[in-house]
Amino acid sequence: MSWTVIATWPFGETSVRAAQVLLAAGLPALDACIAGAQAVEDDPTVNSVGYGGLGDVTGRVTLDACVMDGKTLRCGAVAGVENVRHVAALARRVMEATKHVLLLGEGARDFAVSQGFPLDNLTTAKSVEQWEKTRPKPGDPPQRMPDPAADHDTVTVLARDSSGHLGGACSTSGLAHKLPGRVGDSPIIGQGLYVDDDAGAAGATGVGEESMRICGSHYIVEQLRRGISALDACVAAVARVNDAARRRGEPVGRIAFLALDRFGNPAAACTKTTGFRYAVARPTGVEILQAEEF
Ligand code: SD4
């Protein structure tokens, strides 16, 4: 059986290249997805994930992550964690070493310490400079719509391994200049990520609130369960996001969904002007694909 791994944005290439080494060695999809997320968490040039992530409105860097195993539906998540770089691995530890699914803030950091995770300063000189440059100016609307290309790109990694099992991981510093305490879609199972071997896997990136209003990733996986194609399922989720924006009378935010059906076929779709691209690795090679906008 052959494997596939996909990851959000062009920096997803770093993820799929790290993940494919594990998949080619026959390791489980979840291990590969976490390795893929970690490769981006370690990259200081990515200002929206892990080390080098941009801070909230006060400048504090708080990270969100979750993981899910499609075979067992076991999942784990952390939200609003400071000073821990490898939050996807920490989310896995929540899944494996506790009875809980989601740990928050200080509790998540204390748990990380108890599990031997090192505490780190997550800012770099460049990330502080970028935070300063892009911070809202007096007179800006309080929750201006961020530009995904500039300041909010989650890494979401979905894989099918050579045993046919699915896994997923998602890691982000969330929206730059967010309000302190704000939690987006990325650490919430069913919003930023959902994975079920019996149906497929889905994830999101972009303005998390858009996915949260429609339970985006869970919605897509339930479409896959009904036999709808990965592309049609992603397009249906974007249509729901557009409809929700119309119903509240606001312009739609930039959001992209990506999916992998249970056979390993990838697809993605996004709202207008998101400009979403994603990386795919298979035994035949690595590609960067452009999602269609709806
Ligand atoms: C959030 N979805 O916190 C995340 C941020 C991000 O691409 O993706 N972006 O809303």
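Source: prediction; values computed, not measured. These values consider heavy atoms only, across backbone and side chains, with no hydrogens, waters or symmetry-generated copies. Each ligand, and each atom within it, is numbered from 1 in the order the structure gives.
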Exercise. Under 4.0 Å between a Lys/Arg side-chain N and an Asp/Glu carboxylate O for R262 and D197?
Worked result: no
Exercise. Any N or O of G174 that comes nearer than 3.5 Å to an N or O of ligand 1?
Worked result: no
Exercise. On the ring face of Y219, is R240 found with NZ or CZ under 6.0 Å from the centre and within 45° of the axis?
Worked result: yes
Problem set entry | Minimum non-hydrogen distance to atom 10 (O) of ligand 1, winning option of R182, R254, E209, Q191 | R182
Problem set entry | salt bridge (Lys or Arg N to Asp or Glu O under 4.0 Å) assessment of R282 paired with E287 | CA-CA 9 Å; R282 294 177 261 229; E287 294 174 90; 2.9 Å; yes
Seminar exercise, completed: Of D153, T156, T8, T154, the one whose closest heavy atom lies nearest atom 6 (C) of ligand 1 is T154
Exercise. Do G206 and ligand 1 have an N or O pair less than 3.5 Å apart?
Worked result: yes
Problem set entry | Check: W9 side chain, T156 main-chain N or O, donor-acceptor pair, under 3.5 Å | no
For this session: Please answer whether the main-chain N or O of V94 pairs with a side-chain N or O of T98 as donor and acceptor at a distance below 3.5 Å.
Result: yes
Exercise. For A29, does its backbone N or O pair with a side-chain atom of D161 as donor and acceptor, under 3.5 Å?
Worked result: yes
Exercise. Would K178 count as a contact of ligand 1 if the rule is a heavy atom under 4.0 Å away?
Worked result: no
Seminar exercise, completed: Per-atom filter on ligand 1: closer than 4.0 angstrom to a heavy atom of D185 are 1 (C), 2 (N), 4 (C), 10 (O)
Exercise. Which atoms from ligand 1 have a heavy atom of S186 less than 4.0 Å away?
Worked result: 2 (N), 4 (C)
